[in-house]
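In what follows, a structure is listed as structure tokens, so that the remarks can point back to it.
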Amino acid sequence: MEQIVHDEIFSAPQWVKIICYIFSPAIFGMGVVMLIVKDIPFEVRIISPLLFLIAVSMLIYTRLRLRVSDGGISFTGGINRHHFKWEDITKVDMEITRKYQTPKVILHYADRTLVLDCGFYLKKNFPRILSLLEIKLRPELFTGKYLDIRRQII
């Protein structure tokens, strides 16, 4: 196992964050307008809580960060936070999901799991995350499915 010289932080691309920062208040404002205006039918007013949920979700999405360091992995910014050391990882698996065949890595540690989705980290950062995992973890922790899919996506 090699050392990671400096911490690497992975998050959503800057252009996605800018879009979320612009549209989140606009969607929230649209929900407020739907509640204030009297002439809107009740069926349309039911949509306003959904708009509030979308606006909050967009802001939470901009705060998600994966930090990979020599000491371990931490995933912060969302509802479920994950902090664990490399020694805590018991198994690393990979699946291909969805219509567009995007891979996701499943890190099993203690009694919890952390799912790293290629759709969030995009194709340029995802191979770097995989290589950091392969640098720090013992080869027997990777499942056969992980190794097969890893060969396909390289």
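All values below were derived from every heavy atom in this structure, side-chain atoms included, with hydrogens, water molecules and symmetry-related copies excluded. Keep in mind that this is a model prediction, so the values were computed, not measured.
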message = If the test is side-chain hydrogen bond (donor to acceptor under 3.5 Å, both in side chains), which one of Gln152, Arg151, Arg150, Lys145 qualifies with Asp148?
response = Arg151
remark   = Heavy-atom nearest pair, Val33 first then Ile40, reads O-CD1, 4.3 Å
inquiry  = I'd like to check the side-chain contact (heavy atoms from CB on, under 4.5 Å) partners of Val115; sequence neighbours left out, ordered by chain and number.
reply    = Lys104, Ile106
message = Go through it in stages, so that I can follow the logic: the residues are His83 and Thr76, the test is side-chain contact (heavy atoms from CB on, under 4.5 Å), and I'd like the CA-CA distance, side-chain angles, deciding distance and then a yes or no.
response = CA-CA 8 Å; His83 300 282; Thr76 58; 3.4 Å; yes
key: Closest non-hydrogen atom pair between Ile149 and Pro103, with its separation   = CG2-CB, 4.4 Å
Kindly list each side-chain donor-acceptor pair under 3.5 angstrom involving residues 11-29, sequence neighbours excluded, with atom names and distances?
from  : atom 1 : to    : atom 2 : distance (Å)
Ser11 : OG     : Lys17 : NZ     : 3.3
Ser24 : OG     : Ala55 : O      : 2.8

task = Can you tell me which residue pairs pass the salt bridge (Lys or Arg N to Asp or Glu O under 4.0 Å) test with a partner in residues 70-84, sequence neighbours excluded?
result = Asp70-Lys136
remark   = Rounding to 0.5 Å, atoms CZ (Phe84) and CG (Leu107) come to a distance of 5.0 Å
task = Check whether any side-chain heavy atom of Thr143 lies under 4.5 Å from a side-chain heavy atom of Val92, and answer yes or no.
result = no
side-chain hydrogen bond (donor to acceptor under 3.5 Å, both in side chains) partners for Tyr146, two or more places apart = Glu134
request  = With sequence neighbours left out, write down each residue that passes side-chain hydrogen bond (donor to acceptor under 3.5 Å, both in side chains) with Asn125, or none if nothing qualifies.
outcome  = none
message = Restricting to side-chain contact (heavy atoms from CB on, under 4.5 Å), what partner residues turn up for Pro139, sequence neighbours left out?
response = none
ask   = From Cys118 SG over to Leu130 CG, what is the distance, rounded to the nearest 0.5 angstrom?
value = 8.0 Å
query = Considering residues at least two apart in sequence or located in another chain, which fulfil the salt bridge (Lys or Arg N to Asp or Glu O under 4.0 Å) criterion with Arg45?
reply = none
task = Evaluate the side-chain proximity of Trp86 to Ile73: yes if any heavy-atom separation is below 4.5 Å, no if none is.
result = yes
inquiry  = Holding to side-chain hydrogen bond (donor to acceptor under 3.5 Å, both in side chains), I want the full list of residues that pass it with Glu140, two or more places apart in sequence or in another chain.
reply    = Arg138
ask   = Shortest non-hydrogen contact from Leu66 to Tyr121?
value = CB-OH, 3.5 Å
ask   = Is there a path of hydrophobic side-chain contacts, each under 4.5 Å between heavy atoms of I, L, V, M, F, W or Y residues, that connects Val37 with Leu50?
value = yes
ask   = Does Leu53 share a hydrophobic cluster with Leu59, counting links as ILVMFWY side-chain heavy atoms below 4.5 Å and allowing steps through other members?
value = no
note = Value for OG (Ser69) from NE2 (His6), rounded to nearest 0.5 Å, stands at 11.5 Å
key: Any Tyr109 side-chain heavy atom under 4.5 Å of Lys85 side chain   = no
query = What residues form a side-chain contact (heavy atoms from CB on, under 4.5 Å) with Leu64, not counting sequence neighbours?
reply = Tyr61, Phe75, Phe120
side-chain contact (heavy atoms from CB on, under 4.5 Å) assessment of Leu141 paired with Lys91 = CA-CA 5 Å; Leu141 293 177; Lys91 184 172 83 168; 5.9 Å; no
inquiry  = Test of understanding: with salt bridge (Lys or Arg N to Asp or Glu O under 4.0 Å), list the residues that count as partners of Asp117, not counting sequence neighbours.
reply    = Arg98
task = Apply side-chain contact (heavy atoms from CB on, under 4.5 Å) to the pair Phe52 and Ile47, showing each step before the final yes or no.
result = CA-CA 9 Å; Phe52 294 141; Ile47 296 174; over 6 Å; no
inquiry  = Does Phe126 form a side-chain contact (heavy atoms from CB on, under 4.5 Å) with Lys124? I'd like the steps, not just the answer.
reply    = CA-CA 6 Å; Phe126 199 67; Lys124 69 176 187 169; over 6 Å; no
ask   = Can you name the residues that form a side-chain hydrogen bond (donor to acceptor under 3.5 Å, both in side chains) with Arg67, not counting sequence neighbours?
value = Asp7
key: For Thr90, side-chain contact (heavy atoms from CB on, under 4.5 Å) partners two or more places apart   = His108
